[in-house]
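Notes follow the structure.
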Amino acid sequence: MQIHELIRQFTELYGDGGEIRVFFAPGRVNLIGDHTDYNGGHAFPCALTLGTYAVIRKRDDRKLLFSSCDLEKGEIRESSLDDLIFRKEEGWIGYPKGILWAFDVRGSKLPAGFEVLYAGNIPLRAGVSSSGAIECVTALAVREIFHLELNSVDLAVLAQRGESRFMNQPCSIIDHISSMLGREGCGLFLSAATMRVEYIPMTLGTVRFVITNSMIRYPNVDDVNNERKRECEKALKKVQIVTNVINLGDLSTDAFATCKDVIMDENLTRRVRHVVYENARTIKAVNALRVKDLKRFGKLMSESHESLKNDYEVSCPELDTLVGAAQEVPGVLGSRMTGAGLGGCTVSLVEESAIEAFEEHVTSVYEETYHMTPDFFIATAGDGAREMLFY
C-alpha cells in the first residue's frame, strides 16, 4: 500500500497542515493453540504482513474524526473525547472508540482529539484479527502522538479490553499480543498466564502456511465462545477441589487423567480435555519447529482440528470441509481451523510445489458442496505494530 497515496487521501478529507503521521498494525494467524489463552495455556500465533494503516493528526479541540478507505469511503464520522459511550448504531468506529475508552478508564486522559483515516489490506471478519489490527494501530498511534508512557504489552491489554468490554465482543489477547509484538520470520510462543513471549524462527524450507478463507461467519460465534468460557470456569472450580491449579492450562495430560472424574459432566470433561491436550500439542509443535520436524508440526495441526471439532465444538461443516479437502492433497502436511471458529479461516502446512494443486482441489470441493469460492493467501510472518516513516 502506497503511503503517499494514503496521505493524499487524508489531506483531501481533512485538509493540509499540521504533523501527519502514519502507523501500521498487522493481523495474525494462530498456527496452533486455540481457546487455550483464557485458560492460562500456550498459543503459537504469528503476525501477518497484512493489516491496517492509520494516517493521523492531532487536533486543537476534543473532536474525533474517523474515516475509512475500506468502509464508507469518503465519509467522515464525528465523535468526541466527551462521548466515549458505546452505541451499536455507530458500527465500526466503536473499535477505535473502545481504545480511547480503555485509555480513559486506565487514567490516560487525552488532552485533545484527532482526525484519522484507516486503510487495510486484510480480509474483514475472516478470523485473522482485522478488528485487532485497527485496535492496535489506534492504540500505538495514540501513544505516540500524545507521548504516553506505555509499553507494547500495555497497549495489547488496552486493545483487548476495548474490544471485550467496550464492544462487548469476546476476543483473545493472542490477537493483540501478536499484532503488537510480531517479528518478521518468527512465530510467537505465548504463555497466556504470564504474558511471556518467546520468538521461534520459522525455518520452513520448501513448505508454506496457506490460509483459506471460508467466506462465512456464523452469527452466534460470540455467544458460543462466551458459553465455552463459562463451561471452562465451571469445570475449573470442580477440578480445583482435588488439584492445586490456578488455570486449566496448568493441568498436564497425566493430571487430567487422574482428576477428570471429579468433573462429572461429559460436555465439561470434553472442554477440559481439549484445553489440556491442545496446550500439550502447542508445546510439542513448537519443539518440532525448533528441530525443523515439519511433518510432526503438521500432524499436530490436524489433531488440533479434530479436538476443536469434537471436544470443543467450535468448528462448523464449512471449516471441516476445507480441512478434509486439504488433507486429501499430496504435499499437505496438516490443516486446521484457526481462531474463534464457526467460520473464518483454516491454516494448512503445504509443500510449495503442491500449493497450486491444493488450491484447485479445495476450491473444487468447496464450490461443489457450498456453491461458494474460498480465498487463499500465504501466511508470511511479519513485524508488529510500528510507525511507517515516509519522505
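In this chain, numbering begins with 1 at the start of the sequence shown.
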- Query: Within the distance-only criterion (no hydrogens, no angle test), does the side chain of D83 pair as donor or acceptor with the backbone N or O of S79 below 3.5 angstrom?
  - Reply: no

Report task. Compare all side-chain heavy atoms of V350 with those of F209 and state whether any distance is below 4.5 angstrom. Result -> no

Exercise. Would you indicate whether the side-chain heavy atoms of H305 and D320 approach each other to under 4.5 Å?
Key: yes

Worksheet item: Would R230 and E227 satisfy salt bridge (Lys or Arg N to Asp or Glu O under 4.0 Å), going step by step from the backbone distance to the final call?
Response: CA-CA 5 Å; R230 288 191 293 269; E227 177 63 21; 2.8 Å; yes

Here the pair of heavy atoms bringing N121 nearest to L50 is OD1-CA, 3.4 Å

In terms of hydrophobic clustering (I, L, V, M, F, W, Y; side-chain heavy atoms under 4.5 Å; direct or indirect links), are V323 and L294 co-clustered?
no

Exercise for review: Assign the ring pair F256 / Y277 to parallel, tilted or perpendicular, where the plane angle (0 to 90°) is split at 30° and 60°.
Suggested key: perpendicular

The reported gap from CE in M180 to CG in D154 (rounded to nearest 0.5 angstrom) is 9.5 Å

Open item on the list: Can you tell me how the ring of F189 sits relative to the ring of H42, calling it parallel under 30°, perpendicular over 60° and tilted otherwise?
Closed with: parallel

| said: Using only atom types and a distance under 3.5 Å, with no angle test, would you say the side chain of S179 pairs donor to acceptor with the backbone of D175? | reply: no

So CG of L349 and CG of L333: to nearest 0.5 Å the spacing works out to 4.5 Å

| said: Under 3.5 Å, is there a donor on one side chain and an acceptor on the other for Y370 and S214? | reply: no

Of all heavy-atom pairs linking S315 and L319, the shortest is OG-CB, 3.6 Å

Given side chain to side chain contact (heavy atoms under 4.5 Å, CB included), test R21 with E387 step by step and report yes or no. CA-CA 8 Å; R21 298 172 71 174; E387 183 165 8; 2.9 Å; yes

Output for pair (I56 CD1, F10 CZ), nearest 0.5 Å, gives 8.0 Å

Q) Same cluster or not: are L155 and M195 linked, directly or through other Ile, Leu, Val, Met, Phe, Trp or Tyr residues, by side-chain heavy atoms under 4.5 angstrom apart? A) yes

query = Would one find more than 12 heavy atoms of other residues, nucleotides or ligands at under 6.0 Å from atom CD of E266?
reply = yes

Verify, without hydrogens or angle tests, whether D70 (side chain) and G120 (backbone) share a donor-acceptor contact under 3.5 angstrom. yes

For T194 and S191, which I'm curious about, is there any donor-acceptor pair between the side chains at under 3.5 Å?
yes

- Query: Among the clusters formed by ILVMFWY side chains lying less than 4.5 Å apart, do M202 and F377 turn up in the same one?
  - Reply: yes

Next on the checklist: Do R270 and N267 pair up side chain to side chain, a donor and an acceptor below 3.5 Å, judged on atom types alone?
Outcome noted: yes

Hey, is E90 close enough to K97 for a salt bridge, meaning N to O under 4.0 Å? yes

Review point. Between the side chain of N279 and the main-chain N/O of V275, is any donor-acceptor distance below 3.5 Å?
Key: no

Output for pair (L322 CG, S348 OG), nearest 0.5 Å, gives 8.0 Å

Hydrophobic clustering (ILVMFWY, side-chain heavy atoms < 4.5 Å, transitive) - are V245 and I263 grouped together? yes

Check your understanding: Would I32 and L300 satisfy side chain to side chain contact (heavy atoms under 4.5 Å, CB included), going step by step from the backbone distance to the final call?
Key -> CA-CA 8 Å; I32 194 165; L300 290 162; 4.0 Å; yes

| query | Do R271 and E313 meet the salt-bridge criterion of a basic N to acidic O distance under 4.0 Å? | reply | yes

Report the C-alpha distance between W92 and F66 in whole Å, list the side-chain angles of each, state the deciding distance to 0.1 Å, and finish with yes or no for side chain to side chain contact (heavy atoms under 4.5 Å, CB included).
CA-CA 10 Å; W92 69 270; F66 303 98; 3.9 Å; yes

For R290 and I200 the tightest heavy-atom approach is NH1-CD1, 3.5 Å

Taking the side chain from T258 and the backbone from A255, do they hold a donor-acceptor pair closer than 3.5 Å?
-> yes

- Query: Relative to each other, are the rings of W101 and F166 parallel, tilted or perpendicular (30° and 60° limits)?
  - Reply: tilted

In terms of heavy-atom contacts, G334 and S302 come closest through CA-OG, 3.4 Å

Salt-bridge criterion met for R183 and D383 (N-O under 4.0 Å)
no

Point to revise | S67-E75 side chain donor-acceptor pair, cut-off 3.5 Å | key: no

**Request:** Examine F376 and V365 and state if one hydrophobic cluster contains both, with Ile, Leu, Val, Met, Phe, Trp and Tyr joined whenever side-chain heavy atoms are less than 4.5 Å apart.
**Result:** no

So does K63 have more than 12 non-hydrogen atoms from other groups sitting under 6.0 Å from NZ? no

When rounded to the nearest 0.5 Å, the distance separating CZ of R57 from CG of L117 is 11.0 Å

Shortest non-hydrogen pair, N30 vs A43, comes out as OD1-CB, 4.0 Å

Item to complete: Find out whether M264 and T269 are in side-chain contact, i.e. whether some heavy atom of one side chain is under 4.5 Å from a heavy atom of the other.
Response: no

**Asked** Would D34 and R336 pass as an ion pair if we require N to O under 4.0 Å?
**Response** yes

Are any side-chain N or O atoms of T363 and backbone N or O atoms of E360, one a donor and one an acceptor, separated by less than 3.5 Å? no

Check: Parallel, tilted or perpendicular for H4 and F390, by the 30°/60° rule?
Finding: perpendicular

Check: D250 side chain, N247 main-chain N or O, donor-acceptor pair, under 3.5 Å: yes

- [ ] Run the numbers on F114 and L100 for side chain to side chain contact (heavy atoms under 4.5 Å, CB included), then give the verdict.
- [x] CA-CA 11 Å; F114 56 80; L100 304 179; 3.8 Å; yes

Taken to the nearest 0.5 Å, the spacing of M215 CE from Y366 OH works out to 8.5 Å

Taking everything shown except K238 itself, do over 12 heavy atoms lie less than 6.0 Å from its NZ?
yes

Query raised in the report: Is there a side-chain contact between E184 and T380, using heavy atoms and a 4.5 Å cut-off?
Result: no

Would a 4.5 Å heavy-atom cut-off, applied to side chains only, mark V314 and M337 as touching?
-> yes

Heavy-atom closest pair (G33 atom, I174 atom, distance to 0.1 Å) is O-CD1, 4.0 Å

Inset, instruction - Indicate whether any N or O donor in one side chain lies under 3.5 Å from an N or O acceptor in the other, for S131 and Q169. - result: no

Margin query: Check this for me: does any side-chain nitrogen of one of E19 and K58 sit under 4.0 Å from a carboxylate oxygen of the other?
Written below: no

- prompt: Are the side chains of V347 and M301 in touch, meaning some heavy atoms are under 4.5 Å apart?
  reply: yes

Flag, side chain of R165 to backbone of E163, donor-acceptor distance under 3.5 Å: no

Closer than 3.5 angstrom, by distance alone: can the side chain of D311 be matched with the main-chain N or O of S307 as a donor-acceptor pair? no

Side-chain touch F23/T138, heavy atoms, less than 4.5 angstrom: no

Which label fits Y312 and H274: parallel for a plane angle under 30°, tilted from 30 to 60°, or perpendicular past 60°?
tilted

Check E233 with K237, please: is the shortest side-chain N to carboxylate O separation under 4.0 Å? no

| Salt bridge R281-E278, side-chain N to carboxylate O under 4.0 Å | yes

Counting only N and O atoms by type, is there a donor-acceptor contact under 3.5 Å from the side chain of D265 to the main-chain atoms of L268? yes

When you compare the side chain of N168 with that of F86, does any pair of heavy atoms fall below 4.5 Å?
no

- Query: Does the ring center of Y118 lie less than 6.0 Å from the ring center of Y95?
  - Reply: no

